Number of protein chains: 2
Amino acid sequence: MLPTFDSVFSIDCVIFGFEAGELKILLIERNEEPFKDWLALPGYIVEQDESIDDAAERILYELTGLRDLHMQQFHTFGEVNRHPQGRVITVAYYALIRINGQKELRPVTQFARKAFWHPVNELPKLAFDHSEIFNTGFNKIRRRLNYQPIAFELLPEKFTLTQLQSLYEAILNMKLDKRNFRKKMLSYGFLKELDEKQKGVSYRAAKLYKFDRRKYAKIFHNDMNLDK
Amino acid sequence: MLPTFDSVFSIDCVIFGFEAGELKILLIERNEEPFKDWLALPGYIVEQDESIDDAAERILYELTGLRDLHMQQFHTFGEVNRHPQGRVITVAYYALIRINGQKELRPVTQFARKAFWHPVNELPKLAFDHSEIFNTGFNKIRRRLNYQPIAFELLPEKFTLTQLQSLYEAILNMKLDKRNFRKKMLSYGFLKELDEKQKGVSYRAAKLYKFDRRKYAKIFHNDMNLDK
DNA sequence: AGATAGTGTGTGAAAATTACACCATTAAAT
DNA sequence: ATTTAATGGTGTAATTTTCACACACTATCT
């Protein structure tokens, strides 16, 4: 039979959102020791009878009220002393989501006092090794931006090219040339130009586009998940 | 306090080597149930007081006698029923090594009957979900080949450009153009041409080259480990 | 009518990628 | 000494991709 240890698995989630031209992540305020009152990534312990992928979804839901994100594992942290109370190995996941003013963030367990969006710049110190986890995750999506349809999960269904560009700039942390960016994006052929325009802006309204997931998959003929 | 579960962590290793123009991986023959007598990736259980990175090194050593490889985590497998006797979550690592006829592979535990190199083509069915683990790892290094100095860990210290090319071809599973390949490799500037030539071949001896790790790091100005 | 703020567009230079074929050198066999 | 077998080593032109760069247009607000 298998030996038994007092080892614990957990999941930690780095959830990216994009709002007001800024890239943000989801943090919770902890309501339990250790690190009570600290800010942390949403994370909790994996149950016996659920896969880690399932656990990631459940835990995120319980801590933030968010459901049905497409979560992707990116690294496992297994230093001996990363948790002050015992051995905890954690599998880190990221997900990307459109921040939607409507959707309220409300933890369904007492473990988190609240959940909220925080800009990725000027992040405060986080509980445990969560700052390191965040950095690792941020590097990961930065790299994947080039070969995974990451950006479109962060934008509303209909978006302008300028919004898309400013998202790229936020993730890559660099300015891009407008003409070259548009040329390249459009040349891929997976953006569908709509007959609609932006509304409610006090300047010339921009055309709206949609991401065509099927064309993307055909073009890159991967299953959009090739990197596992 | 932390809850206690009968959960077990393990490590599984996909160790690549290159010999006689063929890419190979290291397998063991299991000497214990479950899957007794099956072929499997080297893998075993993580102890309480060691980090997963340390565990990976230790376990590989115990099962194969190999030491001091540079092991890199690539994915964690956490399906509920991946192990028939209980819940086992496994963190998979890969490493690359020069196969060296001299170095004998000898397990230092009874758990593995023997360890040996097997070509990555025509792999037999492996124990547990190890076939899936292998595939995931192979895809990973295939992708990383372009931005990590993976190839040079598989070759002897001094190598010819033809050897380097045939390694690329083995990993990418495609033919490459000789002139373009050489031009490109040399243009990077991290290959150092030696004054030596190949010996003992019955045809024109090729120049030998060395990989210059420092120049590589300077050129790509990453710490060679950016992908974590 | 003018100010404001962001939209939308093209061209040329430079760099990188691709396709492609033949002679040179060596050791072994005759 | 000659031949053979096997691999080493090299250049050029066409194409594609990347990069740098600036101005006129449109809608709204005052």
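Keep in mind the model is a prediction, meaning the values are calculated, not measured. Quick note on labels: first sequence line is chain A, next is B, and so on, each numbered from 1.
You won't find any donor-acceptor pair under 3.5 Å spanning the side chain of B:K207 and the base of D:dG9, going by distance alone. At a cut-off of 3.5 angstrom, counting only N and O atoms as typed in the model, there is no donor on one side facing an acceptor on the other between the side-chain of B:K197 and the base of C:dT25. Taking 3.5 Å as the limit, the base of C:dT26 and the side chain of B:R204 contain no donor-acceptor pair of atoms between them.
Between A:F181 and A:Y168, the distance from one ring center to the other falls under 6.0 angstrom.
Comparing D:dT10, D:dG8, D:dA22 by their closest approach to the side chain of B:R179 singles out D:dT10. Closest to the side chain of B:S202, out of C:dT18, C:dA28, C:dT7, is C:dA28. Closest to the side chain of B:K178, out of C:dG10, C:dT7, D:dG9, is D:dG9. Among the nucleotides D:dT12, C:dG10, C:dG8, the one closest to the side chain of B:K183 is D:dT12.
As rounded to whole Å, 9 Å separates atom P of C:dT7 from atom CD of A:Q165. Look at CD on A:Q163: it is 11 Å from P on C:dG8, rounded to the nearest Å. If you take CG of A:N180 and P of D:dA20, they are 8 Å apart, rounded to a whole angstrom. Taking atom CZ of B:F181 as the reference point, atom P of D:dT10 lies 15 Å away to the nearest angstrom. Put simply, CG on B:L186 is 11 Å from C1' on D:dG9, counting in whole angstrom units. When rounded to the nearest whole Å, the span between NZ of A:K175 and P of D:dC21 equals 15 Å. Atom OH of B:Y188 is separated from atom P of C:dA16 by 10 Å (rounded to the nearest Å). Distance B:R182 CZ to D:dT10 P: 7 Å, rounded to the nearest Å.
Under the 4.0 Å criterion applied to side-chain N and carboxylate O atoms, A:D37 and A:R113 are assigned as salt-bridge partners.
For the 3.5 Å distance criterion, the side chains of B:D53 and B:Y93 qualify, holding a donor opposite an acceptor. Residues B:S51 and B:D54 have side chains that bring a donor and an acceptor to within less than 3.5 angstrom of each other.
Nearer the 5' end of DNA chain C, as judged by each residue's closest nucleotide, is the contact made by B:K184, out of B:D177 and B:K184.
Aromatic ring orientation, B:F190 versus B:F211: perpendicular (interplanar angle above 60°, classes split at 30° and 60°).
Of the side-chain N and O atoms in A:T162, none sit less than 4.0 angstrom from OP1 or OP2 of C:dG6.
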